[in-house]
> 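Pasting a structure below so you can have a look.
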Amino acid sequence: MLVLGMGMSDVEKMTSRELGLVLAQQLLGVQDLHFGLWDPDLPVSMANFRRAQQCYTDLLLAQIRGLVADSNEPRVLDIGCGTGHMLEQLVACGYAADAVNPSPYLNRQVRARFSRQVDGSPALYESTFEAMPHAACQGRYDVLLCSESFQYIPMPAFFEKSPGLLRSGGHVVICDFFKTDAHGDGAEGDRSFSGGHLLGQFHELLHGSHFRKVLDEDLTPRISPNIELLDEWLTQRLVPAAGSIDRYLQDQYPRSSKVLKWLARRKLAKLKYKYLSGHRNAATFQKYKSYRLLVLRLAS
């Protein structure tokens, strides 16, 4: 694997956003860091979570397959490649695939995944999308893939830099959630889900960009079952375990425990509202988030 660092380091501090992804991977034992895609014939259960995640991946692979059908040597850039599981499947499909990812922890997993592969090994740009060497990658890709990574990229920077990376007639595939017009209404549940760009602002920027929209599919009903499933796992498994650890620490280290709780009181209150207020459910998710599969074509 060709690894290209852009000033990133394996000793960089882990961000809170990255910590959430890493904990999800470790606690749930999954290779992917995205939601699952649930069809009516697939029962919603933790036992089927990996299968639902693969359904999500298969949907994106099918989209890409249709977009590059006329390309002799299709090349894909996986933006925010996570653990590299999607990247591995892109390579298995015969695509020349590269990736960009800013997380040192996750990049170690990507490098390990491709450590024995020599021929056709992807290039890994260890940086944010904005900081990758755009000039050196001009006109290189048929498809730019953002699988739950678009939310982390400033939209003006994305629309400015992405056209230069694409070949003539190239495409962008975005599968991610956006904030709806209900965001910020102050109602109960308004702050239960963070992340995502405003969908209205996305369409405004798209209108003034070099792209035209060729597909816009609302996946929210097929994604929202994840919320109920993960909330059930959180309240029935993780919270009781955390409570047991808390009681142990209070018994063994009462003063230190009390001081730490006081110092973290605001953060704890925010987490308690976000995860334990009872608002984190499918209905609230569907009110404040819109999960879209978007395909954009670079205008000729």
Side-chain angles (χ1 to χ4, degrees), residues 1-2 31-32 34-39 41-42 51-101 110 113-114 117-125 129 132 134 136-150 153 158-159 161-176 202-203 206-207 209-220 222-223 291-300:
M1 165 167 265
L2 176 61
Q31 295 191 68
D32 296 301
H34 56 69
F35 282 138
L37 188 68
W38 300 90
D39 290 320
D41 61 344
L42 183 61
R51 185 177 170 188
Q53 286 186 307
Q54 188 58 46
C55 288
Y56 177 107
T57 298
D58 290 343
L59 176 69
L60 296 184
L61 292 175
Q63 285 295 326
I64 293 170
R65 185 163 53 249
L67 296 175
V68 302
D70 296 329
S71 178
N72 292 327
E73 297 180 1
R75 183 173 288 274
V76 181
L77 178 64
D78 187 356
I79 300 172
C81 66
T83 68
H85 192 220
M86 169 70 85
L87 182 65
E88 186 176 49
Q89 293 183 68
L90 288 168
V91 172
C93 288
Y95 306 136
D98 299 327
V100 54
N101 196 32
V110 178
R113 190 181 291 273
F114 289 93
Q117 183 171 335
V118 178
D119 297 331
S121 183
L124 173 61
Y125 299 98
F129 172 78
M132 70 173 288
H134 290 265
C137 299
Q138 288 289 302
R140 185 175 177 84
Y141 299 103
D142 295 284
V143 176
L144 306 182
L145 172 63
C146 295
S147 171
E148 282 189 17
S149 59
F150 186 74
I153 306 172
F158 184 86
F159 282 113
K161 295 180 178 295
S162 56
L165 296 173
L166 288 167
R167 294 170 178 168
S168 178
H171 293 83
V172 172
V173 177
I174 299 170
C175 203
D176 211 337
F202 168 81
H203 283 118
L206 175 62
H207 181 72
S209 74
H210 296 284
F211 294 98
R212 63 180 181 87
K213 184 169 59 177
V214 296
L215 176 68
D216 184 357
E217 184 177 351
D218 185 2
L219 299 179
T220 313
R222 298 170 67 188
I223 292 291
Y291 204 105
R292 320 297 294 194
L293 170 60
L294 295 149
V295 177
L296 315 179
R297 180 179 173 86
L298 182 64
S300 301

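Values in this document were obtained by computation on a predicted structure and should not be read as measured data.
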> Within the side chain of Asp39, is there an N or O that forms a donor-acceptor pair under 3.5 Å with the backbone of Asp41?
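Flag not set: sc Asp39 to bb Asp41 has no pair under 3.5 Å.
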
> Please name the pair of heavy atoms, one in Arg167 and one in Leu298, separated by the smallest distance, quoted to 0.1 Å.
O-CD2, 3.8 Å

> A side-chain contact here means heavy atoms from C-beta on lying under 4.5 Å apart; do Glu148 and Tyr291 qualify?
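Touching, per the 4.5 Å side-chain cut-off.
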
> Please identify which of these residues, Val173, Ile153, Asn101, meets the side chain to side chain contact (heavy atoms under 4.5 Å, CB included) condition with Ile79.
Ile153

> Look at the side chain of Asp176 and the backbone N and O of Phe150, then say whether any donor-acceptor pair between them is shorter than 3.5 Å.
yes

> Could you give the distance from CG (Leu294) to CG (Leu206), rounded to the nearest 0.5 Å?
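Nearest 0.5 Å value for the CG-CG distance: 8.5 Å.
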
> I need the full list of salt bridge (charged side-chain N to carboxylate O under 4.0 Å, His left out) pairs touching residues 58-73, with sequence neighbours left out, sorted by first then second residue.
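Sorted pair list comes back empty.
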
> Kindly compute the distance separating CD (Gln89) from OG1 (Thr57), expressed to the nearest 0.5 Å.
5.5 Å

> Under the rule for side chain to side chain contact (heavy atoms under 4.5 Å, CB included), what residues qualify as partners of Gln63, not counting sequence neighbours?
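Gln63 satisfies side chain to side chain contact (heavy atoms under 4.5 Å, CB included) with Leu215, Leu293, Val295 only.
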
> Locate the shortest heavy-atom distance separating Gly169 from Arg297; write the atom from each residue and the value.
O-NH1, 3.2 Å

> Looking only at heavy atoms, what is the nearest atom pair of Leu87 and Asp78, with distance?
N-OD2, 3.6 Å

> Identify the two heavy atoms, one from Leu37 and one from Cys55, that lie closest to each other, and give their separation to 0.1 Å.
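Here Leu37 and Cys55 meet closest at O-CB, 3.6 Å.
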
> Spell out, as yes or no, whether a donor-acceptor pair under 3.5 Å connects the side chain of Tyr56 to the backbone of Cys175.
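Yes; judged by distance alone, with no hydrogens or angles, the pair exists.
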
> Would the distance check show the side chain of His171 and the main-chain N or O of Leu166 forming a donor-acceptor pair, the cut-off being under 3.5 Å?
no

> Could you grab the distance from atom CD of Gln53 to atom CH2 of Trp38, nearest 0.5 Å is fine?
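Answer rounded to 0.5 Å: 9.0 Å.
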
> From Lys213 NZ over to Ile174 CD1, what is the distance, rounded to the nearest 0.5 angstrom?
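With rounding to 0.5 Å, NZ (Lys213) is 10.5 Å from CD1 (Ile174).
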
> Please, which pairs that meet salt bridge (charged side-chain N to carboxylate O under 4.0 Å, His left out) have at least one residue in residues 81-98, sequence neighbours excluded?
Arg75-Asp98, Glu88-Arg113, Asp98-Arg140

> Taking the side chain as every heavy atom from C-beta outward, state whether Leu59 and Leu219 have any pair of such atoms under 4.5 Å apart.
yes

> Nearest heavy-atom pair of Cys137 and Tyr125: which atoms, and what distance?
SG-OH, 3.3 Å

> Could you check whether any side-chain heavy atom of Leu165 comes within less than 4.5 Å of a side-chain heavy atom of Phe129, counting everything from C-beta outward?
yes

> Within a reach of under 6.0 Å around NE2 of His210, are more than 12 heavy atoms found that belong to other residues, nucleotides or ligands?
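Count not over threshold, so no.
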
> When you compare the side chain of His34 with that of His85, does any pair of heavy atoms fall below 4.5 Å?
no

> Taking C-beta and beyond as the side chain, do Phe159 and Val172 meet within less than 4.5 Å on heavy atoms?
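Side chain of Phe159 against side chain of Val172, heavy atoms only: no contact under 4.5 Å found.
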
> Find the distance between CD1 (Ile223) and CG (Asp218) and round it off to the nearest 0.5 Å.
10.0 Å

> Give the minimum heavy-atom separation between Ser149 and Gly80, together with the two atoms involved.
CB-CA, 4.0 Å

> Which value, rounded to the nearest 0.5 Å, describes the distance between Leu77 atom CG and Tyr141 atom OH?
4.5 Å

> Show the numbers, then the answer: is there a side chain to side chain contact (heavy atoms under 4.5 Å, CB included) between Cys146 and Phe158?
CA-CA 11 Å; Cys146 295; Phe158 184 86; 3.9 Å; yes

> Asp142 and Leu67: side chain to side chain contact (heavy atoms under 4.5 Å, CB included), yes or no, with the steps?
CA-CA 8 Å; Asp142 295 284; Leu67 296 175; over 6 Å; no

